[in-house]
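Remarks on the structure that follows.
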Amino acid sequence: MLPVLVPCTAYALSVSASYVTADPGATDVAVTIDMDDATGIAGGDLTLTYNAVALTAKQASPTSLLTGVLFTPNLTTAGEVKISSAGTSGITSGSGALITITFKVKSDATPGDYELKLTRTVFRNAQAQALSATITSGTFTVTGDGDDDGDGLSV
(Lines give C-alpha, C1' and ligand atoms only; values in the text may rest on other atoms or scores of the structure.)
Protein backbone atom coordinates (compact mmCIF):
# COMPACT_ATOMS: atom_id res chain seq x y z
CA MET A 1 0.00 0.00 0.00
CA LEU A 2 1.31 3.45 -0.92
CA PRO A 3 1.48 6.20 1.71
CA VAL A 4 -1.15 8.92 1.52
CA LEU A 5 0.28 12.38 1.00
CA VAL A 6 -1.82 15.19 2.39
CA PRO A 7 -1.17 18.55 0.74
CA CYS A 8 -0.61 21.39 3.12
CA THR A 9 -0.51 25.09 2.49
CA ALA A 10 2.54 27.06 3.48
CA TYR A 11 2.02 29.42 6.37
CA ALA A 12 2.39 33.07 5.35
CA LEU A 13 3.66 35.64 7.80
CA SER A 14 1.50 38.72 8.14
CA VAL A 15 3.54 41.94 8.13
CA SER A 16 2.03 45.41 8.41
CA ALA A 17 2.94 49.04 8.92
CA SER A 18 0.94 50.77 11.64
CA TYR A 19 -1.60 53.57 11.33
CA VAL A 20 -0.45 56.80 12.99
CA THR A 21 -1.89 60.30 13.45
CA ALA A 22 0.11 63.43 14.29
CA ASP A 23 0.03 67.22 13.85
CA PRO A 24 2.50 69.19 11.70
CA GLY A 25 5.71 69.81 13.63
CA ALA A 26 5.30 66.70 15.81
CA THR A 27 8.55 64.94 16.64
CA ASP A 28 9.32 61.41 17.76
CA VAL A 29 6.20 59.88 16.20
CA ALA A 30 6.58 56.09 16.31
CA VAL A 31 5.53 53.88 13.42
CA THR A 32 5.79 50.15 14.00
CA ILE A 33 6.30 47.28 11.61
CA ASP A 34 4.13 44.56 13.09
CA MET A 35 4.33 40.79 12.69
CA ASP A 36 1.59 38.29 13.54
CA ASP A 37 4.08 35.50 14.32
CA ALA A 38 7.83 36.04 14.09
CA THR A 39 8.70 32.40 14.83
CA GLY A 40 11.53 31.16 12.63
CA ILE A 41 12.67 34.54 11.25
CA ALA A 42 16.47 34.67 11.28
CA GLY A 43 16.87 37.72 9.06
CA GLY A 44 15.61 39.59 6.07
CA ASP A 45 15.26 42.86 4.26
CA LEU A 46 12.51 45.42 4.00
CA THR A 47 11.97 48.95 2.79
CA LEU A 48 9.33 51.30 4.13
CA THR A 49 8.51 54.11 1.70
CA TYR A 50 6.89 57.33 2.91
CA ASN A 51 6.14 60.84 1.66
CA ALA A 52 9.35 62.87 2.20
CA VAL A 53 7.50 66.16 1.58
CA ALA A 54 5.55 65.64 4.82
CA LEU A 55 7.79 63.37 6.91
CA THR A 56 11.41 62.85 7.91
CA ALA A 57 12.60 59.48 9.22
CA LYS A 58 14.82 60.02 12.25
CA GLN A 59 15.63 56.54 13.56
CA ALA A 60 14.85 52.84 13.16
CA SER A 61 15.22 50.41 16.05
CA PRO A 62 14.60 46.70 16.56
CA THR A 63 12.19 45.63 19.27
CA SER A 64 12.82 42.84 21.77
CA LEU A 65 11.55 40.33 19.15
CA LEU A 66 14.85 40.84 17.28
CA THR A 67 17.13 40.17 20.25
CA GLY A 68 20.32 38.52 19.01
CA VAL A 69 19.74 39.60 15.41
CA LEU A 70 22.12 42.01 13.68
CA PHE A 71 19.97 44.99 12.64
CA THR A 72 21.16 47.52 10.05
CA PRO A 73 18.91 50.49 9.18
CA ASN A 74 19.62 52.90 6.33
CA LEU A 75 17.82 56.26 6.47
CA THR A 76 20.06 58.17 4.04
CA THR A 77 17.53 58.33 1.17
CA ALA A 78 14.58 60.68 1.75
CA GLY A 79 11.30 58.83 1.32
CA GLU A 80 12.50 55.39 2.36
CA VAL A 81 13.87 53.45 5.28
CA LYS A 82 15.84 50.35 4.29
CA ILE A 83 16.44 47.69 6.91
CA SER A 84 18.52 44.53 6.77
CA SER A 85 18.75 42.00 9.56
CA ALA A 86 20.58 38.71 10.06
CA GLY A 87 20.98 36.19 12.86
CA THR A 88 22.42 32.74 13.35
CA SER A 89 19.17 31.18 14.54
CA GLY A 90 15.52 31.94 14.08
CA ILE A 91 13.29 33.82 16.49
CA THR A 92 11.81 31.20 18.83
CA SER A 93 8.39 32.84 19.19
CA GLY A 94 6.54 36.12 19.43
CA SER A 95 4.26 38.54 17.72
CA GLY A 96 3.69 42.28 17.78
CA ALA A 97 6.00 45.13 16.88
CA LEU A 98 9.17 43.94 15.14
CA ILE A 99 10.67 47.34 14.29
CA THR A 100 9.97 50.90 15.46
CA ILE A 101 10.68 53.79 13.08
CA THR A 102 10.61 57.31 14.51
CA PHE A 103 9.44 60.20 12.32
CA LYS A 104 9.26 63.98 12.50
CA VAL A 105 6.30 65.61 10.78
CA LYS A 106 7.45 68.68 8.87
CA SER A 107 5.93 71.90 10.20
CA ASP A 108 4.55 72.79 6.75
CA ALA A 109 3.08 69.31 6.08
CA THR A 110 -0.32 69.45 4.42
CA PRO A 111 -2.99 67.67 6.48
CA GLY A 112 -4.06 64.39 4.90
CA ASP A 113 -3.32 60.68 4.66
CA TYR A 114 0.12 59.50 3.54
CA GLU A 115 0.78 55.85 2.66
CA LEU A 116 3.43 53.90 4.55
CA LYS A 117 4.23 51.21 2.00
CA LEU A 118 6.30 48.12 2.68
CA THR A 119 8.34 47.08 -0.35
CA ARG A 120 11.32 44.76 -0.90
CA THR A 121 10.09 42.70 2.06
CA VAL A 122 11.78 39.31 2.38
CA PHE A 123 12.23 37.33 5.57
CA ARG A 124 14.43 34.23 5.81
CA ASN A 125 14.73 31.33 8.24
CA ALA A 126 17.97 29.98 9.76
CA GLN A 127 18.56 27.91 6.59
CA ALA A 128 18.36 31.12 4.47
CA GLN A 129 15.08 30.00 2.88
CA ALA A 130 12.58 32.74 2.08
CA LEU A 131 9.45 32.78 4.22
CA SER A 132 6.14 33.63 2.58
CA ALA A 133 4.64 36.92 3.78
CA THR A 134 1.41 38.85 3.35
CA ILE A 135 2.18 42.58 3.35
CA THR A 136 -0.20 45.36 4.45
CA SER A 137 0.62 49.05 4.05
CA GLY A 138 -0.13 51.56 6.78
CA THR A 139 -1.19 55.19 6.86
CA PHE A 140 0.38 58.27 8.42
CA THR A 141 -2.36 60.88 8.89
CA VAL A 142 -1.30 64.49 9.34
CA THR A 143 -4.09 66.32 11.16
CA GLY A 144 -4.76 69.91 12.06
CA ASP A 145 -2.29 72.71 11.74
CA GLY A 146 -0.18 72.18 14.85
CA ASP A 147 -2.19 74.61 17.01
CA ASP A 148 -5.67 74.70 18.43
CA ASP A 149 -7.29 77.79 16.89
CA GLY A 150 -8.28 76.11 13.60
CA ASP A 151 -6.96 78.93 11.39
CA GLY A 152 -4.73 76.67 9.32
CA LEU A 153 -1.61 78.46 10.54
CA SER A 154 0.92 77.27 13.05
CA VAL A 155 1.76 80.24 15.21
Side-chain angles (χ1 to χ4, degrees), residues 12-88 90-91 94-126 128-155:
L13 303 168
S14 179
V15 185
S16 61
S18 61
Y19 293 82
V20 183
T21 301
D23 284 328
T27 59
D28 299 328
V29 181
V31 168
T32 57
I33 306 302
D34 301 312
M35 180 75 61
D36 69 338
D37 183 1
T39 304
I41 296 174
D45 298 296
L46 68 85
T47 298
L48 177 76
T49 61
Y50 62 91
N51 186 312
V53 172
L55 308 170
T56 301
K58 295 173 55 178
Q59 177 181 337
S61 306
T63 67
S64 59
L65 282 177
L66 288 178
T67 300
V69 175
L70 178 64
F71 181 85
T72 309
N74 181 340
L75 287 73
T76 58
T77 303
E80 63 183 27
V81 176
K82 292 180 181 179
I83 297 170
S84 293
S85 59
T88 56
I91 296 170
S95 62
L98 191 66
I99 300 164
T100 301
I101 302 169
T102 307
F103 285 91
K104 177 185 184 315
V105 182
K106 295 185 178 177
S107 59
D108 60 351
T110 302
D113 292 336
Y114 297 92
E115 184 178 32
L116 298 171
K117 187 172 184 176
L118 289 166
T119 64
R120 199 180 65 95
T121 303
V122 177
F123 293 102
R124 298 192 181 281
N125 64 19
Q129 297 169 324
L131 301 170
S132 178
T134 301
I135 312 299
T136 305
S137 296
T139 303
F140 198 119
T141 301
V142 176
T143 60
D145 59 12
D147 66 346
D148 293 326
D149 63 7
D151 64 1
L153 302 173
S154 294
V155 221

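- Under the rule for a side-chain contact (heavy atoms from CB on, under 4.5 Å), the partners of A42 that lie at least two apart in sequence or sit in another chain are A126.
- Within the structure, salt bridge (Lys or Arg N to Asp or Glu O under 4.0 Å) contacts touching residues 73-83 (residues at least two apart or in different chains) are E80-K82.
- By the side-chain contact (heavy atoms from CB on, under 4.5 Å) test, T119 pairs with T47, T49, K117, sequence neighbours left out.
- Using a 4.5 Å cut-off on side-chain heavy atoms (C-beta onward), L116 and V31 make contact.
- For N51, the side chain to side chain donor-acceptor pair (under 3.5 Å) test picks out no residue, with sequence neighbours left out.
- The shortest heavy-atom contact between A52 and G79 is CB-N, 3.6 Å.
- Contact of the I83 side chain with the I99 side chain is registered, since non-hydrogen atoms from C-beta on lie closer than 4.5 Å.
- Listed by first and then second residue, the salt bridge (Lys or Arg N to Asp or Glu O under 4.0 Å) pairs involving residues 60-73 amount to none (not counting sequence neighbours).
- Minimum heavy-atom separation, T139 to T141: CG2-OG1, 3.7 Å.
- Taking each heavy atom of A109 and P24 in turn, the nearest pair found is O-CG, 3.7 Å.
- Applying the ring-ring contact (aromatic ring centres under 6.0 Å, His included) rule to pairs touching residues 17-47 yields nothing, sequence neighbours excluded.
- Here I41 contributes atom CD1 and L98 contributes atom CG; the two are 6.0 Å apart, rounded to the nearest 0.5 Å.
- In this structure, L55 and F140 have side chains that are in contact, with non-hydrogen atoms separated by less than 4.5 Å.
- Using a 4.5 Å heavy-atom cutoff, the side chains of T27 and K58 are in contact.
- A pairwise comparison of heavy atoms in T63 and A97 identifies OG1-O, 2.6 Å as the closest pair.
- When the ring-ring contact (aromatic ring centres under 6.0 Å, His included) test is applied to Y50, the partners found at least two apart in sequence or on another chain are F103.
- The side-chain heavy atoms of S137 and E115, taken from C-beta on, include a pair separated by under 4.5 Å.
- When side chains are defined from C-beta on, T136 does not count as touching V15, because their heavy atoms never get closer than 4.5 Å.
- What you find for T102 and D28 is that their closest heavy atoms are CG2-CA, 3.3 Å.
- Listed by first and then second residue, the ring-ring contact (aromatic ring centres under 6.0 Å, His included) pairs that reach into residues 60-88 come to none, sequence neighbours excluded.
- S95 OG to D34 CG: the interatomic distance, rounded to the nearest 0.5 Å, is 9.5 Å.
- Counting all heavy atoms, side chain and backbone alike, Q59 lies closest to S61 at NE2-OG, 2.9 Å.
- V105 places none of its side-chain heavy atoms less than 4.5 Å from the side chain of Y114.
- Remark: the T143 side chain and the D23 side chain contain an N/O donor-acceptor pair separated by less than 3.5 Å.
- Rounding to the nearest 0.5 angstrom, the gap separating the CD1 atom in I33 from the CG atom in L65 is 13.0 Å.
- Applying the side-chain contact (heavy atoms from CB on, under 4.5 Å) rule to D45 yields the partners S84, R120; only residues at least two apart in sequence or on another chain are considered.
- The side-chain contact (heavy atoms from CB on, under 4.5 Å) test applied to L70 returns T72, not counting sequence neighbours.
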For K106 and T56, what are the C-alpha separation, side-chain angles and deciding distance, and is it a side chain to side chain contact (heavy atoms under 4.5 Å, CB included)?
-> CA-CA 7 Å; K106 295 185 178 177; T56 301; 3.2 Å; yes

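- With rounding to the nearest 0.5 Å, the separation of CG in L118 from OG in S16 is 7.5 Å.
- Applying the salt bridge (charged side-chain N to carboxylate O under 4.0 Å, His left out) rule to K104 yields no partners; only residues at least two apart in sequence or on another chain are considered.
- When the side chain to side chain donor-acceptor pair (under 3.5 Å) test is applied to N74, the partners found at least two apart in sequence or on another chain are T76.
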